[in-house]
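Quick note: numbers below take in every heavy atom, side chains included, and nothing from hydrogens, waters or symmetry partners.
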Amino acid sequence: MAQFMDLRAFILRARVLKFYRQALRMTRRAPEHARDELRQTVRAEIEKNRNCDDKQKIKFLISEGLQRLKGLDEMLDMTGNG
């Protein structure tokens, strides 16, 4: 039987998926020799928290992930990968 989400859970899930797509897009800017490892790291981090039901923790993880992406973006800009 299908499990239905409330609206907040649905919106939070959409935010997680948006973050995941954004992180994967960012890996395209990385040097070619590091892309696969970076993709694997992104996926592993998402999978590690896949079954998390705590909405506050999910929001925290998204926020932390966005900060890490911002740092990666700045690092890629400094190395000329952009």
Side-chain angles (χ1 to χ4, degrees):
M1 186 121 179
Q3 183 179 10
F4 295 101
M5 297 184 243
D6 64 350
L7 181 60
R8 289 182 186 160
F10 180 79
I11 292 170
L12 198 53
R13 181 179 184 274
R15 286 182 60 201
V16 170
L17 292 174
K18 179 181 176 183
F19 166 74
Y20 183 56
R21 286 191 301 271
Q22 185 178 359
L24 289 178
R25 281 189 210 103
M26 182 78 63
T27 64
R28 294 183 201 153
R29 292 184 48 212
E32 198 168 326
H33 62 86
R35 287 180 191 161
D36 286 337
E37 183 180 351
L38 196 52
R39 276 190 212 109
Q40 289 172 0
T41 301
V42 168
R43 182 175 176 119
E45 287 293 317
I46 294 290
E47 286 291 331
K48 183 170 71 173
N49 296 296
R50 180 181 199 137
N51 295 318
C52 180
D53 291 334
D54 183 359
K55 291 180 176 118
Q56 285 300 106
K57 182 176 180 182
I58 295 170
K59 289 177 185 177
F60 171 77
L61 290 169
I62 292 170
S63 175
E64 183 180 296
L66 287 171
Q67 287 178 338
R68 290 171 70 180
L69 273 185
K70 184 178 177 184
L72 177 62
D73 186 38
E74 291 170 358
M75 184 183 75
L76 291 171
D77 284 345
M78 285 191 290
T79 61
N81 294 303

Legend entry - Arg50: partners by salt bridge (Lys or Arg N to Asp or Glu O under 4.0 Å), with sequence neighbours left out: Glu47
Inset, instruction - Could you tell me whether Asp53 atom CG has more than 12 heavy atoms of other residues or ligands within 6.0 Å of it? - result: no
Inset, instruction - Could you list the residues that satisfy side-chain contact (heavy atoms from CB on, under 4.5 Å) with Leu24, not counting sequence neighbours? - result: Tyr20, Arg39, Val42
Legend entry - Closest contact, heavy atoms only, Pro31 versus Leu76: CD-CD2, 4.2 Å
Legend entry - Distance-minimising heavy-atom pair for Cys52 and Lys57: SG-CD, 3.7 Å
Inset, instruction - Look up atom NZ in Lys55 and atom CD1 in Ile11, then write down how far apart they are to the nearest 0.5 Å. - result: 10.5 Å
Inset, instruction - Taking atom CZ of Arg13 as the centre, report whether more than 12 heavy atoms of other residues, nucleotides or ligands fall under 6.0 Å from it. - result: no
Inset, instruction - Would you check if Ile62 and Leu12 make a side-chain contact, meaning some heavy-atom pair closer than 4.5 Å? - result: yes
Inset, instruction - Indicate if Leu17 and Leu61 have the same hydrophobic cluster label, given that clusters are the connected sets of ILVMFWY residues with side-chain heavy-atom separations under 4.5 angstrom. - result: no
Legend entry - Arg29 side chain near Asp77 side chain, heavy-atom distance below 4.5 Å: yes
Inset, instruction - Look up atom CG in Leu66 and atom CD in Gln22, then write down how far apart they are to the nearest 0.5 Å. - result: 6.0 Å
Legend entry - side chain to side chain donor-acceptor pair (under 3.5 Å) partners for Thr79, two or more places apart: Asn81
Inset, instruction - Determine the minimum heavy-atom distance between Met26 and Leu69, stating which atoms define it. - result: CE-O, 3.9 Å
Legend entry - Full working for side chain to side chain contact (heavy atoms under 4.5 Å, CB included) between Leu72 and Arg68: CA-CA 6 Å; Leu72 177 62; Arg68 290 171 70 180; over 6 Å; no
Inset, instruction - Using atom types as modelled and distance alone, determine if a side-chain donor or acceptor of Thr41 lies under 3.5 Å from a backbone N or O of Glu37. - result: yes
